[in-house]
Amino acid sequence: MTTTKRACAEDLLATGPHGRFFGVSQECFDRVWRTLTAPEGNSTTYVTMEIGADRDLYHPIKKLLQEAAAREDLPVELQPEADRFLSGPSKIPIYSGGLGVLAGDTLKSFADCHIPVAAVSLLYRRGYFSQLVDMNLGQVVWSREWKPEETPGLYLLHRPGRPTEPLTVEVDFHDRDDQPIKAVARLWMKMEVSCNLDFFVPEILLDYDLTQSPDWIRKASRQLYDSSSEVSKAIQRRLLGAGVLPVMRALGLTSKTIHLNEQHGVILVLSLISEILHRQLGDNYRQQASDQDILAAAEQAARHVVYTIHTPVKAGHDRFPHTLYHGLEHSFLRRILHLLALDEQNPAAYNFTALAMRVNRATNSVSRLHREVTRTQFPQFKERISAITNGVHHLTWISDAKAAAYDSVPELANWRLEPCLFNRAGKFLNSNKFRRSFTEAWRQDTSILITYLNGMLSRHRHQRVSTWIDPPNYLSYLREDEGRLDGQAFTFGFARRFSTYKRADLVFEDLDRLAKILLASRWPVNFIYAGKAHPADEPGKVLIKSIIDIQAELYRKTEGLARLVFVPDYDMSVAKMMVAGCHAWLNSPKRPLEASGTSGMKAAMNGIPNVSIMDGWWVEGYHDGKTGWKFGYEGPVKAEMLSEHPSELLYREDAASFYEMLPDLLGTFYHPEGFDHYLDRCLNNLILNCPIFNTHRMAAEYVERYQLLLPAEVDERMRKFRALYRSDLDD
Ligand SMILES: *Cc1c(COP(=O)(O)O)cnc(C)c1O
């Protein structure tokens, strides 16, 4: 016994050419690094603007260390590292929301499935903004101090054999006279380690905030989605895209496939095209290349690029005026942009989505419905656009209580390695024993959520005198015994980025009608809301304010039956508590603008039914009502429906549809005989959707669609994960 544990503990340190890393064995490190740097280059470089993978939710090493016995057996020299790992800050605030969380979940699944990938992203010294919410002001932005140096699990890479000299890369910008301006970045590495600690995916984070970089570049590198100016935004995109090849060269990464997670890093293709022309035409390629040469080189570059497009919404597609690139980009690269990135509607702008669409060997949308929308938006690339519906990382999002309940089912013994197993669970659906243990786990998760919220309300109540922030919740202004939530009350969870098309306030469109429904049967309902609006998204901020403003009136009109609470500073840990602890997960976007949506999948894995507009993944996950409820418009998708104009957001129609559905939902939950049917929906959401909407299945579809070469045994497992589902089936 002791020897295995000791071996296990000692296997937690590895030395590579660029650093010492805690959490994997030397054997594992060497094996993975060899694959990533092998001359045949069968790995993938995954380029993403953000990565959400906070350690407090899920980390295989932390889990190991928390088992006291393993810790006692740790060699003395590893104790400080282990302590740091358990107690140090666990937030790495380099994500804003869905896109980053998806990237983190994807990389974790790549690691679990042993798919050789290295990720490249940026290290933002000021991260993404933190959110305070004030009763009168709405969202207030502030910046939480974050020190990468003190964050365990993050390593500054050094030059080979020179531990005191940081490894750096240079990226050239160019002024108006094409004179180079050098930006310098240090490289940090974070690892997503597989659940068995036998594989990892390195995430290389470029940190440009150094004295060697000009001030204007340092400034633009500090905050994710800095929108203080259009220039900052363009610089930030460039810091990512133009950094990819230098990172690969510096570390010896040989991947021949580069995966663009959204178009943000697409400047990379300019480097690829230039290198091809340089090889073909020699040092004078900039003068010698004809337009035909450039287009031919773009075709060659495209063979190395795969692209996932994540949204049909305009704000998600970067467009920049040409003039902005004078002073940033070499005139030759501007010439390439001119040939490949012109915006059709606005010839004075470059459109990065158009560039990404043009230069790749395969494009995927993130759900079936989104494939139709994307094909409508980009008819000229129709053939190349397929669907790979998103997933979430089941090990990250299933709560501890639910995991214990799943562990009690013999058929599910291997669910951690094979989330597809849940589909075999039809039998236990009707087992009273399982239904009881599931319900008990659910009760625990609800209790954790409600206790957290009541603690927050109480804290805010007492803080009212001591800070300038007026707490955002009406309940905080009521007496302690009145202004709290009851865990027995039906609890809706709603949390996502606040932007207009997501229509956070949809279900409050007609408070009188809502009140009438609740009062008729005296049904208590909690509405738990959370989410940030991008600081430059004024309408998004107005939505947050309107959620706050509705609270008092809703409370009054429903005689306290309906309680609406806003949880400030939405992040992954709040998300996990909410998706596991509420009674239904609500989603009310305007169809078809939600390309996929992933929080509903997190709820499904926890056996929480979804209540949603037929948009994004829910079109695929609804299963004729077996897994939850639907409401709202679900007719055909036409180009004019992509409008986000306030008058076209269908508030009245879709809210009315919600109110029509609501009595059935609440009746099923509250009726003594209905609850069993409610539980059926919960368990069906788990067994029909968990096997499919997880990132292992998604990764399996990626490797097939993108024709990645994998070792035979890995390929075999991937086959199994995708056997259940093909996102790309025609309707
Ligand atoms: C899952 C998640 C999201 C994305 O949720 P959607 O349903 O896709 O909008 C955003 N932010 C956080 C913190 C999350 O955990």
Side-chain angles (χ1 to χ4, degrees), residues 49-58 90-106 108 127-131 224-225 261-262 308 310-313 315-316 365-367 369-370 389-399 492-504 506 528-534 537 540 543 567-582 584-591 593-606 608 610-613 615-621 628 689 693-695 698:
M49 196 71 182
E50 44 174 313
I51 301 177
D54 285 339
R55 219 181 55 238
D56 50 346
L57 270 78
Y58 167 78
S90 54
K91 249 185 139 78
I92 300 190
I94 56 169
Y95 67 95
S96 80
L99 184 72
V101 175
L102 178 88
D105 279 12
T106 303
K108 284 182 249 184
Y128 192 61
F129 80 95
S130 294
Q131 180 196 52
L224 172 59
Y225 300 131
N261 184 44
E262 252 315 337
T308 302
H310 283 270
T311 181
V313 173
S365 61
V366 290
S367 70
L369 185 65
H370 180 227
T389 306
N390 279 342
V392 295
H393 184 245
H394 62 293
L395 295 168
T396 299
W397 295 107
I398 290 175
S399 73
F492 274 117
F494 178 104
R496 45 189 51 81
R497 193 162 48 81
F498 271 61
S499 61
T500 31
Y501 79 87
K502 298 213 184 211
R503 303 188 302 189
L506 181 86
I528 314 302
Y529 275 56
K532 297 173 175 178
H534 186 279
D537 179 4
L543 267 179
V567 191
D569 213 21
Y570 183 47
D571 68 359
M572 290 179 71
S573 65
V574 172
K576 185 163 180 176
M577 215 166 15
M578 287 180 67
V579 293
C582 66
W585 193 252
L586 179 64
N587 195 16
S588 49
K590 183 197 164 189
R591 173 179 158 113
L593 296 178
E594 180 89 303
S596 166
T598 52
S599 55
M601 303 172 182
K602 302 169 192 167
M605 293 185 168
N606 283 289
I608 305 299
N610 292 87
V611 175
S612 172
I613 294 282
D615 200 6
W617 83 281
W618 186 233
V619 177
E620 294 160 64
N689 287 331
F693 300 101
N694 63 75
T695 33
M698 187 191 84

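If you're wondering where the values come from, they're calculated on a predicted model, not measured in any experiment. For this chain, numbers begin at 1 and follow the sequence in order. The basis for the numbers below is simple: all heavy atoms, side chains too, and nothing from hydrogens, waters or symmetry mates. Just so you know, ligand 1 is whichever comes first in the structure, and atom 1 is the first atom listed for that ligand.
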Counting heavy atoms only, which part of [X] comes closer than 4.0 Å to ligand 1: side chain, backbone, both or neither?
| X | value |
| --- | --- |
| T598 | both |
| D571 | backbone |
| A575 | side chain |

Would H393 and Y58 count as a ring pair (Phe, Tyr, Trp, His ring centres under 6.0 Å) here? Give the steps. CA-CA 10 Å; H393 184 245; Y58 167 78; 5.2 Å; yes
Contact between [X] and [Y] at the side-chain level, heavy atoms closer than 4.5 Å - yes or no?
| X | Y | result |
| --- | --- | --- |
| H310 | N261 | yes |
| W397 | M572 | yes |
| Y128 | I94 | no |

Could you tell me if any non-hydrogen atom of W397 lies under 4.0 Å from any atom of ligand 1?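 Under 4.0 Å: yes for W397.
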Examine ligand 1 and decide if any of its atoms is less than 4.0 Å from a heavy atom belonging to R497. no
Ring geometry between Y529 and F494 (parallel below 30°, tilted from 30 to 60°, perpendicular above 60°): parallel
Tell me which protein heavy atom sits closest to [atom], plus the residue, atom name and distance to 0.1 Å.
| atom | value |
| --- | --- |
| atom 9 (O) of ligand 1 | K502 NZ, 3.1 Å |
| atom 12 (C) of ligand 1 | Y570 CE2, 3.5 Å |
| atom 10 (C) of ligand 1 | G98 N, 3.4 Å |

Donor-acceptor side-chain pairing of [X] and [Y] below 3.5 angstrom:
| X | Y | result |
| --- | --- | --- |
| D54 | Y95 | yes |
| E620 | T389 | yes |
| W585 | S599 | yes |

Minimum distance, heavy atoms only, to atom 14 (C) of ligand 1: which one of K602, K576, M572, M601 is it? K602
State whether the shortest distance between N or O atoms of S96 and N or O atoms of ligand 1 falls below 3.5 angstrom.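 Between S96 and ligand 1 (N or O atoms, distance only) the closest approach is not under 3.5 Å.
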Less than 3.5 Å between some nitrogen or oxygen of E594 and one of ligand 1, yes or no? no
Distance filter under 4.0 Å to [X] heavy atoms, resulting ligand 1 atoms:
| X | result |
| --- | --- |
| V101 | 12 (C), 14 (C), 15 (O) |
| S599 | 5 (O), 6 (P), 7 (O), 8 (O) |
| G97 | 10 (C), 11 (N) |

Is any NZ, NE, NH1 or NH2 atom of the basic residue among D569 and K532 found under 4.0 Å from an Asp or Glu carboxylate oxygen of the other? yes
